[in-house]
Amino acid sequence: MLDLKYVCENLDAVKKALSNRSGKTDLDEIAVLAQKRRDILKEVEKDKAARNSATGDIAKLKAEKKDASALIAEMKALGDKIKVLDEELNAVEADLKLKILSVPNIPSSGVPVGRDETGNVEVRRVGKPAEFKFAPKAHWDLGESLNIFDWPRAAKISGARFTVYKGFGARLERAIMNFMLDTHIFKNGYTEIFPPFMVNRDSMTGTGQLPKFEEDAFAVKNNGFFLVPTAEVPVTNLHRDEVLALSDLPVKYCAYTACFRAEAGSAGRDTRGLIRQHQFNKVELVKFARPENSYDELESLTADAESILKALGLPFRTVALCTGDMGFSSAKTYDIEVWMPSYNRYVEISSCSNFEDFQARRMNIKFRDEDGKTRLVHTLNGSGLAVGRTTAAIIENFQNADGTVTVPDALRTYMGAGMIK
RNA sequence: GGAAAGUUGGCCGAGUGGUUGAAGGCGCCAGUCUUGAAAACUGGAUUAGUGAAAGCUAACUGGGGUUCGAAUCCCUAACUUUCCGCCA
């Protein structure tokens, strides 16, 4: 959420900054509502001040055993007026809140301007795609011949966009998860969190999934909870309504969760294999940083995510997303894309973002600076990495002519095997 | 799922419907004292909204109600604790 005061005072600048983002937002409407709110507020506060002072007088009169009935009658009338104004105010504020919560973040100044993914800028490329001396297969075909994924039965027990992992498939997925977590815990200095997979509405609003993107989430019918679309939601919300100590910053968490996404609007896309699922595994990195360092922290967080691909020997590239391709809450995002032979292109495997104070303002997460003042923290997160897509990338990139897959060295102790056959 | 009790400031904890933004204690910050520290003493300190400012308004888990006036009474939701039931 943007600072309402800032938006009202810099209306044109904010409009211009958001003009390169996808989607439309009506800032004029917000400015009008904000003015209306101030007008009502002034009047109702004036009335309340009058009532408060009269209330003191009534108490005095009663203490002196004098008649207060005239004043009480007067205050009753004023109370009715206040009630009407309060209701009006609440309605305006609710409307205003909904609208300001639906305004995307302002892109950071260095972010490339563009309308869609064609405007993204590659910042580095690591490793070279293998040149196969045979026709490489897609992971869904290899998965079938190796008997490690079972999509027909997944469809039977659940439906489309679910996967049953079996044997080496299940072991590979689990080995990758553990390898990622251990790397981030022991080498990169993150504290592991294992959060709930269901969260309440406030948490989803805090990180920006709600109110605008409710259709993308799975809601639980019984209790109104949501299945987490990413560990970002529970982990960032850990510190909602808290003031962090300066000495604790940056706070660095990593977390494995299953992630659940409705994938509304992506019918027909990536229908085969592990790439786009209603349920997938992900190890997430989350940071809380002081504003002065948050862009350095974004660089190191991105490097931490990349370190997994390097250790596995998977070729990848990192791109800076342009204004039109960035997510709603982000001020700057790097996508890390792994080479996927079946797609014959790089495919997103991680998205690392600095949200600046956009999420912190929604969640009221602050820190106390050297002067003892509380200020909003900056929040960051990135996949470290998407596990299912890593599984797919390993199977495809390290496949052999005979249909077997060579397990990367880094995973062998986790797998208890060097070859999938 | 049933029953009961509870939720007050960074923490503990008082609070008969009428100067209670909230006693007291602990902790915190500054000062005095001290070679330095501790102790003691003195003073200070919530957050948000609004306003040029003085100030005003709001906040005692959230929401609603009663009242001229609610931390205090009523309803409701969430959470916590205990007992019962069920259960990995």
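Because the structure is a prediction, the values reported are computed rather than measured. In what follows, chains carry the letters A, B, and so on, assigned in the order in which the sequence lines appear, proteins first and then strands, with residues in each chain numbered from 1.
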Inset, instruction - Compute the ring centroids of Y253(A) and Y190(A), then answer whether they are less than 6.0 Å apart. - result: no
Inset, instruction - List for me each residue that meets salt bridge (Lys or Arg N to Asp or Glu O under 4.0 Å) alongside E43(A), sequence neighbours excluded, and say none if there are none. - result: K81(A)
Inset, instruction - Pull out every residue in residues 233-251 of chain A that has a heavy atom closer than 4.0 Å to any atom of RNA chain B, ordered by number, or say none. - result: none
Inset, instruction - Ignoring backbone atoms, test whether N52(A) places a side-chain nitrogen or oxygen under 4.0 Å from the OP1 or OP2 oxygen of A58(B). - result: yes
Legend entry - Over 12 non-hydrogen atoms of neighbours within 6.0 angstrom of CZ in R412(A): yes
Legend entry - Pairwise C1' distance, U72(B) and U16(B) [rounded to whole Å]: 9 Å
Inset, instruction - Ignoring backbone atoms, establish whether R37(A) has a side-chain N or O less than 4.0 Å from OP1 or OP2 of G49(B). - result: no
Inset, instruction - Keeping the roles fixed (side chain from R161(A), backbone from L274(A)), state whether a donor-acceptor pair exists under 3.5 Å. - result: no
Legend entry - Side-chain H-bond candidate by donor/acceptor type, T379(A) with K287(A), under 3.5 Å: no
Inset, instruction - Using the closest heavy atom to pick a nucleotide of RNA chain B for each, name whichever of R368(A) or L4(A) lands nearer the 5' end. - result: R368(A)
Inset, instruction - Could you give the distance separating U82(B) and C68(B) at their P atoms, to the nearest angstrom? - result: 43 Å
Inset, instruction - Can you tell me, in whole Å, how much space there is between the C1' of A59(B) and that of A22(B)? - result: 12 Å
Inset, instruction - Can you run through RNA chain B from 5' to 3' and write each base as (, ), [, ], | or . depending on how it pairs? Watson-Crick or G-U wobble, both distances under 3.5 Å. - result: ((((((((.[[[..)..(.....]]].(((((.......))))).(((((....))))).[[[[[..)....]]]]])))))))....
Inset, instruction - Keeping the roles fixed (side chain from N397(A), backbone from W339(A)), state whether a donor-acceptor pair exists under 3.5 Å. - result: yes
Inset, instruction - State whether the number of non-hydrogen atoms from other residues, nucleotides or ligands found under 6.0 Å of E144(A) atom CD is greater than 12. - result: no
Legend entry - Sub-4.0 Å heavy-atom contacts from residues 43-50 of chain A onto RNA chain B, ordered by number: E45(A), K48(A), A49(A)
Please tabulate, one pair per line, each protein N/O and nucleotide N/O from nucleotides 62-68 of chain B that are separated by under 3.5 Å, including the distance.
from   : atom 1 : to     : atom 2 : distance (Å)
C68(B) : OP2    : K76(A) : NZ     : 3.2
C68(B) : O4'    : I72(A) : O      : 3.4

Legend entry - Test of ring centre spacing under 6.0 Å for H239(A) and F288(A): yes
Legend entry - K97(A) NZ: over 12 foreign heavy atoms closer than 6.0 Å: no
Inset, instruction - Please measure how far the P atom in C79(B) lies from the corresponding atom in A40(B), and state the result in whole Å. - result: 43 Å
Legend entry - Under the side-chain hydrogen bond (donor to acceptor under 3.5 Å, both in side chains) test, residues paired with R201(A) that sit two or more places apart: E214(A)
Inset, instruction - Report yes if the distance between the aromatic ring centroids of F226(A) and F218(A) is under 6.0 Å, otherwise no. - result: no
Legend entry - Span that lies between the C1' atom of A23(B) and that of A71(B), in whole angstrom: 14 Å
Inset, instruction - Please indicate whether K187(A) has more than 12 foreign heavy atoms, meaning atoms of other residues, nucleotides or ligands, lying under 6.0 Å from its NZ. - result: no
Legend entry - Side-chain touch K212(A)/L101(A), heavy atoms, less than 4.5 angstrom: no
